[in-house]
Amino acid sequence: MSDHQLRTRTPAGPAPAPRTPGGSRAAAAFRAAAPAPALAVYAAVRALGLLVFWAAASAAGKDPLGPLSGRWDSVWYQRIAENGYRYTVTLPDGSVHSDLAFFPLLPALERAVSAVTPLTLGGAGLLVAWTAGLLAAWGIFAVGSQLRGRRTGVVLAALWGVYPTAFVQSMAYTETLFTALAAWALYAVLKGRWIVAGALCVLAGLTRPSAAALIAALTVTAAVTLVREYRDERRAGPVLRRNARMIAGVALAPMGWLAYVVFVAVREGSPVAYFDVQAQWGNNIDGGRALAAFIAGLPWPAALGLCAALGLLGWLVVLCVRQRQPLPVLVYAITIVVISLIGAGYFGSRPRLMMPAFPLLLAPAVALLRLRTTGRTAAVLAALASASAAYGAWTLLGAGPP
């Protein structure tokens with residue numbers, strides 16, 4: 001087995017890249033992640049999704065931009081960008097929904113982009129989301145290339161672009177922004193650049209609560225590394241000094257999420273205000289009871305189909321373990337899945353919440369590359385892109401939230 005394989009297969013993540021003359025280690029890592037093919041394929045599949053949706057919306061006599069920038073959560077983000085945190089709504093059942101449930105990085109970017117361009121807040125949100133989608137595809141490609149080679153990285157980015165709910169990647173939502181930050185944070189860990197990874201975690205923590213998965217990935221990886229090295233040396237001092245940057249990166253990682261939790265606590269005058277706000281939206285953790293109740297309430301054919309889909313999800317997790325994915329990548333993906341399943345929120349949003357768990361697609365990407373010809377791989381991706389585009393158009397033109 002080569003040194004590269006040993007680095008990418010170790011459960012605790014690969015060793016830092018060797019230093020290059022002139023301090024060009026970061027530049028070497030950047031060149032290794034050169035993304036042109038991956039971005040071209042990703043842009044093509046997302047352009048197909050937009051084209052199909054645009055045609056369907058035009059045929060239905062609807063404004064194509066409305067569903068992309070002016071529905072569901074995107075409206076809340078734009079309201080925050082325009083007025084700050086000050087809006088609540090009381091529903092007929094008496095529950096109170098506050099805009100404090102939404103994290104600040106996307107509306108801050110929308111406000112900044114709108115201030116320096118002619119774009120409205122909705123247009124700025126789309127620009128941020130689409131740009132972040134490209135950065136996310138680049139980061140996913142970089143991680144896939146690091147683990148299984150460049151061809152796998154290209155297919156991995158393409159599969160993320162044809163995910164069933166990939167239409168959300170074309171909306172003014174946080175999924176692309178969060179996935180971009182997460183993918184590059186994981187890549188930084190794989191390259192041993194812990195301070196960079198921690199800084200990206202700070203931004204992720206200002207984007208979505210699912211940053212907890214990224215924080216867990218760094219924390220578990222660092223803990224395993226420290227325990228292993230201490231077990232070998234039996235001396236804490238040298239181990240801590242040698243891993244000072246790793247420890248600093250892990251300490252930095254939760255600061256974005258914690259800062260927003262503290263902000264909500266001060267704003268509302270309660271140390272648990274953030275969790276109360278999320279509970280009012282139905283986003284509290286219930287251990288999976290809401291999911292079980294939802295399945296139990298379905299007609300048996302639909303319940304069986306959903307159980308089969310959950311079984312497929314479980315199998316993908318098993319494949320990630322069997323692939324011996326590096327520990328930070330594995331912990332991140334599994335934690336995203338767990339967070340998405342044990343919450344009490346609306347079931348229809350769960351596939352979207354799992355979309356940042358791109359390492360789950362690594363095994364299918366490897367399988368696609370085992371087809372005999374590149375043409376067959378391309379044909380499968382084209383079929384998946386078409387199905388994703390059709391589903392996206394149907395969903396965006398419907399009434400239910402994604």
Within this structure, what is the [atom1]-[atom2] distance for the pair [X] and [Y], rounded to the nearest 0.5 Å?
X	Y	atom1	atom2	result
L316	L360	CG	CG	6.0 Å
C201	L218	SG	CG	4.5 Å
R111	L121	CZ	CG	8.0 Å
W281	W76	CH2	CH2	4.0 Å
I247	L252	CD1	CG	13.5 Å
S386	L381	OG	CG	10.5 Å

Closer than 3.5 angstrom, by distance alone: can the side chain of S114 be matched with the main-chain N or O of L119 as a donor-acceptor pair?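 Pair found, side chain donor or acceptor close to backbone of L119.
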Which heavy-atom pair separates [X] from [Y] by the least distance, and what is that distance?
X	Y	result
S69	A172	CA-CB, 4.3 Å
E268	A273	CB-CB, 3.5 Å
V277	A101	CG1-N, 3.5 Å
T374	R151	OG1-NH2, 4.3 Å
A185	A197	O-CB, 3.6 Å
A136	T176	CB-O, 3.8 Å

With side chain to side chain contact (heavy atoms under 4.5 Å, CB included) as the test, pick out the partner of P326 among V331, V143, L190. L190
In sequence, state the C-alpha distance, the side-chain angles, and the governing distance for D99 and N83, and then conclude on side chain to side chain contact (heavy atoms under 4.5 Å, CB included). CA-CA 11 Å; D99 57 8; N83 302 312; over 6 Å; no
Can you give each donor-acceptor pair under 3.5 Å made by side-chain atoms of residues 42-57, sequence neighbours left out, with the distance rounded to 0.1 Å?
| from | atom 1 | to | atom 2 | distance (Å) |
| --- | --- | --- | --- | --- |
| Y42 | OH | Q169 | OE1 | 2.8 |
| R46 | NH1 | G161 | O | 3.1 |
| R46 | NH2 | A166 | O | 3.3 |
| R46 | NH2 | S170 | OG | 3.1 |

With side chains defined as the heavy atoms from C-beta onward, is the minimum distance between [X] and [Y] less than 4.5 Å?
X	Y	answer
L362	V329	no
C320	I334	no
L368	L159	yes
L134	W130	no
L396	M171	yes
T88	S98	yes
L214	L181	no
L353	S210	no

Please list all pairs passing the salt bridge (charged side-chain N to carboxylate O under 4.0 Å, His left out) test where one or both residues lie in residues 194-211, with sequence neighbours left out.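 The answer is E175-R208.
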For atom CZ of R79, is the number of surrounding heavy atoms from other residues, nucleotides or ligands below 6.0 Å larger than 12? yes
Passing option when Y77 is tested against Y87, W72, F102 for ring pair (Phe, Tyr, Trp, His ring centres under 6.0 Å): F102
Can you list the residues that meet the salt bridge (Lys or Arg N to Asp or Glu O under 4.0 Å) rule with R242, with sequence neighbours excluded?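 Expected list: E229, E233.
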Once you measure the plane-to-plane angle for W394 and Y391, does it fall in the parallel (<30°), tilted (30-60°) or perpendicular (>60°) bin?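 Tilted, since the angle between the ring planes falls between 30° and 60°.
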Relative to the ring of Y274, is the ring of W257 parallel (under 30°), tilted (30 to 60°) or perpendicular (over 60°)? perpendicular
Could you tell me whether W160 and Y163 have their ring centroids closer than 6.0 angstrom? no
Go through the steps for W194 and T221 under the test side chain to side chain contact (heavy atoms under 4.5 Å, CB included), then give the verdict. CA-CA 11 Å; W194 284 89; T221 302; 3.9 Å; yes
Apply side chain to side chain contact (heavy atoms under 4.5 Å, CB included) to S388 and F167, showing your working. CA-CA 8 Å; S388 176; F167 62 87; over 6 Å; no
Going through the distances and angles, do M354 and L341 end up as a side chain to side chain contact (heavy atoms under 4.5 Å, CB included)? CA-CA 9 Å; M354 280 188 277; L341 294 181; 4.2 Å; yes
